[in-house]
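One structure coming up, written as structure tokens, with questions to follow.
A, B, ... follow the sequence lines: proteins, then strands. Residue 1 opens every chain.
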Amino acid sequence: MKNNTMDKERANFALSFDSIIDQLIFWIVIISLLLFILYPVVMVISTSFFHRGTFTLDNYKNLLNPDNLKLIKDSLFVAGISSILSTIFSFCIALFTFVERKEIKKIIYRALMLSMISPPFVSSLALIILFGRRGIITHNLLGLSVNPYGWQGIVLLQTLGGIPLSSIMLISALHSIDTRQILASRDLGAITTQTIRNIVIPSIFPTILSVLFLSFTMNLADFGTPIIIGGKFKMLATETYMTIFSSGDLGKAAAMSVLLIPPAILSFIFYRKNMTSVDNRATGTKALGNENYDFQLPIWLKFVLTFITVSFFIIVVLKYGSIILSAFSINTSGKLTFTLKHFEEVKFAYTPAFLRSIIFAVIAGFVSSVIGVLLSYYTHRRKIKGMSFIEFVSALPYIIPGIFFGLGYIVGFNKEPLLLTGTTTIVILNSTFRHISVANKATNAAFTTIDTRIEDASRDLGASKFKTITNIIFPLLRPVFLTSFINTFTACMTTVGAIIFLVSPKNVVASIVMFKSITNGQYGPASVMASILILITVSVNLIAIKLLNAKEMY
Amino acid sequence: GKSEQKESSDDSTTPVEETKDKPFEGTTLSVLLAYGGAENSFDKFTEETGIKVEYLEMSTGAALAKLQAEDGKTEADIWFGGGVDSYLNARDLGYLEAYKSPNVSAINSQYNDKDGYYSGLALVPAGWIVNEDILKEKGLEAPKTWEDLADPKYKGEVIMADPSISGTNYAIVSGLIQAWGEEKAWDYFERLNKNIDFFAKGGGEPLEKVAAGEFAIGIVAITGGTYSVGETSPTSVVYPEDVIPWTPAPIAIFKNTKNLEAAKVFVDWYLSKEGQEVLREADARIMARDDVDAPELMKDLDKSKLIDFNLELMGSQRDEILTRWKELVGEK
Amino acid sequence: MFLKLVNLTKMFDEENGVKNINIDVNEGEFVTILGPSGCGKTTTLNLIGGFLKADSGQILLEGEDMKDLPPEKRPVSTVFQSYALFPHMNVVENVSYGIRFYRKEKKKKALKIAMEYINIVGLSGYEKYKVGNLSGGQQQRVALARSMATNPKILLLDEPLSNLDASLRVKMREELKDLQNKLNITMIFVTHDQSEALSLSDKIVVMNKGNIMQIGSPSEVYFSPTNEYVASFIGKSNLIEISGDRFLVRPEDIKFRPNSEGKYTIKHKIFMGQYTEYIVSDGEKNIEVNLSGKENASFLIGSKIDLEIAHKTQLRVI
Amino acid sequence: MFLKLVNLTKMFDEENGVKNINIDVNEGEFVTILGPSGCGKTTTLNLIGGFLKADSGQILLEGEDMKDLPPEKRPVSTVFQSYALFPHMNVVENVSYGIRFYRKEKKKKALKIAMEYINIVGLSGYEKYKVGNLSGGQQQRVALARSMATNPKILLLDEPLSNLDASLRVKMREELKDLQNKLNITMIFVTHDQSEALSLSDKIVVMNKGNIMQIGSPSEVYFSPTNEYVASFIGKSNLIEISGDRFLVRPEDIKFRPNSEGKYTIKHKIFMGQYTEYIVSDGEKNIEVNLSGKENASFLIGSKIDLEIAHKTQLRVI
Ligand SMILES: Nc1ncnc2c1ncn2[C@@H]1O[C@H](COP(=O)(O)OP(=O)(O)OP(=O)(O)O)[C@@H](O)[C@H]1O
Ligand SMILES: Nc1ncnc2c1ncn2[C@@H]1O[C@H](COP(=O)(O)OP(=O)(O)OP(=O)(O)O)[C@@H](O)[C@H]1O
Ligand SMILES: [Fe+3]
Ligand SMILES: [Mg+2]
Ligand SMILES: [Mg+2]
């Protein structure tokens, strides 16, 4: 009996100690998200309401002037077309992948992953190099002189840019369809095309819509493509950027950015709705490989799909090829000459910038993965009240233009006690919190496949909440960690918009240097930097895969 | 570079003097840079003074936006080069430190702020870069005067940076207005506009676009870099035969600097004869000091064609001019 | 013969798959394929349904080989293990699907026909329900109606009852049998549950590891298994050797004769409700005896008894 | 009393949950909670395990209320329906988990202890296997070993056998009972399978819609159900009215007396192997009769018979 009471005391002590840690982690997650996402966003929006300390609606008064209305119309038009096209093409590529043999599937999947690693502006750069007025293909090969600048160029690049991620999302959606439903459809007399129309598309419709909305918001917020390839065609995101740069009018720029928020919120609500509908699909079925079930597409369809897929990959190869080529050559008025000059220019001058980029991206990748996982855990596993608002907050930076998020940091963190401007910390924080949403969404998806009772089991076996997180949740989510780390790392290596104002002479990073080179029109050195960035990103990703060794899971 | 530094200073001075000479040894200055090629001169400065330099290339427009967002609490010490209009703006917002270097006396006062908020480093004339191949292909001659440039035969072949983004391009617009008077200038811009497909988003873009053969003629600020692209591409630099707008490349100290004394040393050095010569080597320009020769490349520049430019006026008219400009060109 | 599988073979690799399957099915017959998990039941159905391509052999339906027809052209229909209902369609849309595509009726007509089948399976009133909101038993009926609505010559059912609750399972079993009697559809039914197979079938095909072990009526496979595998897979069995011959004795075919001098002692007793399971031993060998009814639930562990064997089957040596 | 649930209540909403649950469990007892899907079995276990917080009531273990302890502090352990094994750990890591955290042993010692339990459940040699590569039965054993290894005062089992094959289920049932006998652990076992409940339990708690319907030994609930619900949920039953009193008669407690003048006619017959199910009718009411053994499998549909009722139970009115 005495023993028993002692046990109990110890239990109580341990209980409070563990729950303190658990609470601590929880509050750190909450506060950091509010402080480093919501606060700066609110701050930057508030600059549109305050002019030198006094409240004003000036910035909104003529926000909807004819010029801006046209701008909105144009932006919606281009972002709309690009996202619809890229969703259609992605669906074709995904469908092609879905019906192909296992080996080809693997190859396509890898290639798509790789083609996601693309620093911003690289596509624009490649387009100019290949198809510009003195483009290698248009001029050198075909003897044409075409003008790549305009909305068509934006649509082309945004479409291509959206394909890798969209295809990957659609491929996994296709594979989550219960194979038996496809069999059932054919069993009931529907031929392949009818099955695709009536079963396959409706089954992955939520994903199709998510993909559509995701690429729509990203295209809407994209300023890198239009700024380089748009010519005289203007879009909302570019104009926001321009407003900042030309007039330094933060208030007006912020007000314009606010215009981008409604579609972003819409798409988030959409995503949330689909998340719940995903849960009640494919219940209780044994995973059934579809390798042995032949799913023959009609020849014409097969041809179209093959054509689209092959074309896409040819374009990808051309893109990377042209970057590498232009890193090694000079193309003057149609004459291609080999040179190492660009390498000399880049040489050692930027080594610290590259090193810094790697360090920042590794830290951001790691921290944002951890926070993203925890956020998802508290929201969807512990189902703590109010967490879905926090989850919404975490999605904000993903759907508003990066430059806007960056400005928020400057506006929000330039006074004591939050004086961070000019420090290395602010760049890392910004990169980290900008990408929480990726880890969060990946974790949400993973959680739907993990039995909730596993956590109960862990606690039943004596592990506290905190120990359950470290011993069960994190190890189980290792593959998610990997994906989100790679995503964030890649994004950080190549991001520009968000940190363009945050970097100071002390903490320049490679992507900024590259951006500067491109806007100065120094395509040669820019290509060298792009090649190095791609190389670093691929290598670090491979190392991460090796370290986390996600393959031998399950 | 560290050991080299030591050696060279050993050569020129005695150790005792060294400590006196280099009171800021080990200090690091942060520079916001908008002066292509200037980074090549920093080593020499460090060698002479022991002050290290870190820099970030950033267009002056972006830098101004950043300053505003930070409310002037920048971590940078020095603003180096770029569009003088942004300097004027920053001065009015109180972000700059007034400092009259003893060396300004050797500099044409037209280049400097009268209260010393900025000083001129170099003079940047405006002109054109032309792609000979394209011209030949189209059977065109290079333009000789601004009026030539507005000739419809160059339609679609002219590129210029958006003056609201590029300080130097704004200086060109403002300069022509000052030189010709409102009426003539605006009439001219209207015709010129017809030849321009779209405006570039950065001051450096026209240069490379012309070099790459995307356009035949670019309106550019002429620096050493403008000439050097001619080494690898069929381009050449053309100065207008009628009037040449120009702008100074300024230097200023930020009010928020924590290294004011070192920053003053920096400004002094770059305004000294030696500093100016080093800077000229780093990027060939016509330097602000009269006692520094124009670089070999620019010997053919006829200084008499330089317009009489009132910088204060340029700064104060900026909003007005750009608004009108925007109305004129529309969405380009 | 209505359906004839001739030497049908499909091997996924050296070990897994089905080998030389020969089954004859008469019109209107209810044939059950019974076997443990992984024995190739689903594979066999998939071959008939056309979802898998056979390595060799023939699938003759009314004399014509349909081996090379794609699933959508075969006059057979499958009720899948997990039903594979289309979750984005409601009940009537699910049921009319095959009528539109297989029977090629116009949408409107198809909906009308579908209503009839919904009525047959007793789901009238549920036409507009999302299938996700139906209970397991109701879903199962939708799947049944959907398949039957294509007027298949043969209905294939892959463990359709295995996802249901014990009591619902028994109920649906009866309904299925009723339906088959009423509509006289030829059915091939897959299960690993022996009582399901025994209670439903005209003919049972017992499979193991990709091979057929025995084909026969329920009482044939139960009372006259041709090999030990079948004997032990279907029902419990005691193997008793009498003067060199081996006999199969079912636990329920043994009776107790209480006798304080008896040769056997009761070792173990498990009350199963309907019957009580006793393990008795003569010191050498355990014999399982199942006695049913309350009267037989009260023998005590340790009691001495004699056994009376009411029925035994001699096992042939294979 | 070892474990005492007193007026335990947990309502998720107006309808769903459990209400006023009172159960007494003795040390070493095997108690089964039996009921249909959704009746609150898992909820009751979750309350005991600490995964849910009760609205009201007490959970007294050896007299002390453990209602407010978190799961990790309760001296009970659960074997989950889906096992909830840790997929990123191998067998021995899974089993040692609770030894490390609950028993707070050093990792090395924990691994050693784990080996003993792996041995007990007969998985020696599989220590290093990833749990994903184990069969259902093996996974079940790992889950059992993992829970037992914490030396719980009570082991809770939530339908641990429902994911298994019919034949494996019977086998594991026996193993579980053996283990309980050997180690004398108090177990609370949840199932919706009446034969599982009958064959395993010392005491059965029959639940329905969040309420307890009856608590008793297997033969009590089978032979003396206190209400119709229990009567019909456990085993099949005929309700017969004799001079105003209602009696429960189990189908296996009825015998046939062939008589060409008999009052009853055989309407329907289903061969179930071990027994044959007959539906007989006197023209008004159907009665189900189960006769076991081969000798009783051959009555023909249409035959006239008389019935002899070997045992009946009067139903109290509630
Ligand atoms: N597509 C496939 N590729 C490779 N092997 C397969 C495939 N489908 C089934 N198998 C293997 O073939 C064997 C037979 O499988 P099948 O699905 O026919 O078994 P089953 O009798 O239906 O079992 P269950 O009762 O578990 O459904 C199994 O060993 C299985 O692993
Ligand atoms: N977390 C919950 N929130 C709301 N309702 C719940 C929750 N858990 C269970 N319920 C409801 O409470 C009732 C009892 O559920 P419980 O899981 O205890 O049933 P069960 O007897 O274990 O059923 P099964 O045999 O299907 O496992 C059900 O109606 C269920 O829908
Ligand atoms: Fe416990
Ligand atoms: Mg199967
Ligand atoms: Mg349950």
Assign the ring pair C:Phe271 / D:Tyr222 to parallel, tilted or perpendicular, where the plane angle (0 to 90°) is split at 30° and 60°. perpendicular
Give a yes-or-no answer on whether the side chains of C:Tyr83 and C:Gln140 include a donor-acceptor pair shorter than 3.5 Å. no
Among D:Gly273, D:Ser195, D:Ala197, D:Gly235, who wins on heavy-atom pairs under 4.5 Å with chain C? D:Gly273
If you count heavy-atom pairs within less than 4.5 Å of chain C, which of D:Ser219, D:Pro251, D:Ser37 leads? D:Ser219
D:Lys255 with C:Glu295: basic N within carboxylate O range, under 4.0 Å: yes
Between D:Lys203 and D:Glu29, does any NZ, NE, NH1 or NH2 come within less than 4.0 Å of an OD or OE carboxylate oxygen? yes
Leading residue by heavy atom contact count with chain D [cutoff under 4.5 Å; candidates C:Ala310, C:Gly293, C:Pro218]: C:Gly293
Need one label for D:Asn296: side chain, backbone, both or neither, based on atoms under 4.5 Å from any heavy atom in chain C. neither
